[in-house]
Amino acid sequence: MGQGLPPEVPWVTFPMDLFQHPDSDVPGFIGPKMSDIISCLTIWQPELTYTAGQMITHAPITITGKTYPEAYRNLQNTMLSRNWGDGLPVNPATQEAIQWMMTGVPAGKQLNDPIGNDGKVSPKRGVLTYEVLAACMAMAGGRPEYMPVAIAACEIIIAQQDTTLSSSMSAYPITLVSGPIAKEIRLSSGFGLFGPDPNYPAGSAIKRCLWLVHQGAGGLVAGGGTIAQYGYMRPGICFAENEAGLPPAWPSYAEERYRRPSGTNSVTYGISRGGAIRDFTHRGAGNEPSHEIELIESFDRFASTVKSIPSSGVPRDVAGSSLMWLMNSAIAGDMVANGYSKESIKTTAAERLWYLLGEVIDRTGIRRAIEESGADMGSDLLQKFRLCTNPENIHLVVAGGDHPSRSCVIPSWTPHQNLEIVLPESWEDLLYNAERDLGPAPD
């Protein structure tokens, strides 16, 4: 359907075993289906006649019920039976709701316009239009002021055409928002960073909307369009950097990585390729000889956490995988007050990331990777093998509740791209309406 075929195109289905196992009996599955394939290619005729190039549209479905509660239940059942929902209750994407979401779209964008170059979302490559995105945002319980963030993220998704989310690993999407728009739309950068949070509802709605895009247009239904053996952390996370809490001379993530001028609204979208978020203790037990030593030991706790994160048991190269280190403003400020900078923090952390030969001698996967790198193993059990030779593989972001006790690591972070957010002409009206509906935004 994403390639322009009508929804009524004939289907020939095969057991999932055809794709799941390297020793699957492919001829044994295809052979009995061959007559069905030939029939669909030579005999089948659509019930309706379509004009070449005509956009296929259908009337909206109608949900009925004797009472409002019954109609609501019928709505949820319909969404689940068609794989339109995500397993949680959804809001109805009525024409009125879609038109409301479209007020958050920049001028000149029409309902049926594809987003990005061609609007195709991998792996199914279904076409994502502004109307479809507005429907996803409505179903996710979002608001129109969230749409500019979702549009920028979707443009990255479409441009990248990454199929990692369809693999067997438990990869999940990450949306990082920079600029004043985060505070304006009530997107969390502090306590309860990943939500849910009634005071900062934007992150929960945006990440769910983007997952409905991946699921609907991209076909990422577990066990079908995606293997997703465990699928944890989905639908992913959406949050903002605490730019107001940055220490002096500390560039924001968008400034450092993408040279965005300070105050620019932008979205960085990427994927963690598996592994749950790991937090670790920044503060020590309190019996350290000095606070300086306590800070030094916090790098060791960081390194211990990173080394415990599985990456198929093998560092892919000597430099290791990139990761995101979330450090709140209280900790970042403490570090700066004790002589560290953003760059020296990353450098010091990278220097702690190594394996000893004695640690890996019985771990065949890691040992094999070290041998493949050309390193001389020797027999010195205290010989160090660097896990991170490039400090820039540590993406340091200031976010999270300002309590000086804990930081966290997001493993295998692969940022795809950063795009500037385009606001609609009615932006101030949308923010006025949000304050009318939700009350004053939290400080």
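- Summarising the local packing, OH of Tyr432 is surrounded by 12 or fewer heavy atoms from other residues, nucleotides or ligands at distances under 6.0 Å.
- With Thr175 as reference, Leu210 is the one residue of Leu210, Ile237, Ile156 to meet the side-chain contact (heavy atoms from CB on, under 4.5 Å) rule.
- For Lys207 (side chain) and Pro173 (main-chain N/O), no donor-acceptor pair under 3.5 Å exists by modelled atom type.
- A salt bridge is defined here as a Lys NZ or Arg NE, NH1 or NH2 lying under 4.0 Å from an Asp or Glu carboxylate O, and Arg273 with Asp162 meets this definition.
- Side-chain atoms of Thr281 and Arg301 form no donor-acceptor pair, as typed in the model, at a separation below 3.5 Å.
- Between the Gln417 side chain and the Glu155 main chain, no donor and acceptor come within less than 3.5 Å of each other.
- Of the possible donor and acceptor atoms, none in the side chain of Ser122 sits under 3.5 Å from a partner among the backbone N and O of Arg125.
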Which atom pairs, donor and acceptor, lie under 3.5 Å between side-chain atoms of residues 257-271 and protein residues at least two apart or in another chain?
from	atom 1	to	atom 2	distance (Å)
Arg257	NH1	Glu392	O	2.9
Arg257	NH2	Glu392	O	2.9
Arg257	NH2	Ile394	O	3.0
Arg259	NH1	Glu256	O	2.2
Arg260	NE	Asn418	OD1	2.6
Arg260	NH2	Asn418	O	3.0
Arg260	NH2	Asn418	OD1	3.1
Thr264	OG1	Pro261	O	2.7
Asn265	OD1	Ile181	N	2.9
Ser266	OG	Asn418	ND2	3.1
Thr268	OG1	Asn418	ND2	2.8
Tyr269	OH	His214	NE2	2.7

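- With hydrogens and angles ignored, the 3.5 Å screen pairs a side-chain donor or acceptor of Glu241 with a backbone N or O of Tyr253.
- Smallest separation of non-hydrogen atoms from Ile206 and Cys238: CG2-SG, 3.9 Å.
- Checked by atom type and distance alone, the side chain of Thr94 pairs as donor or acceptor with a backbone atom of Ala97 at under 3.5 Å.
- The number of heavy-atom neighbours closer than 6.0 Å to NE2 of His403, taken from other residues, nucleotides and ligands shown, is 12 or below.
- Between Phe299 and Tyr340, the distance from one ring center to the other falls under 6.0 angstrom.
- At a threshold of 4.0 Å, the pair Asp437-Arg143 counts as salt-bridged, since one of the basic side-chain nitrogens sits closer than that to a carboxylate oxygen.
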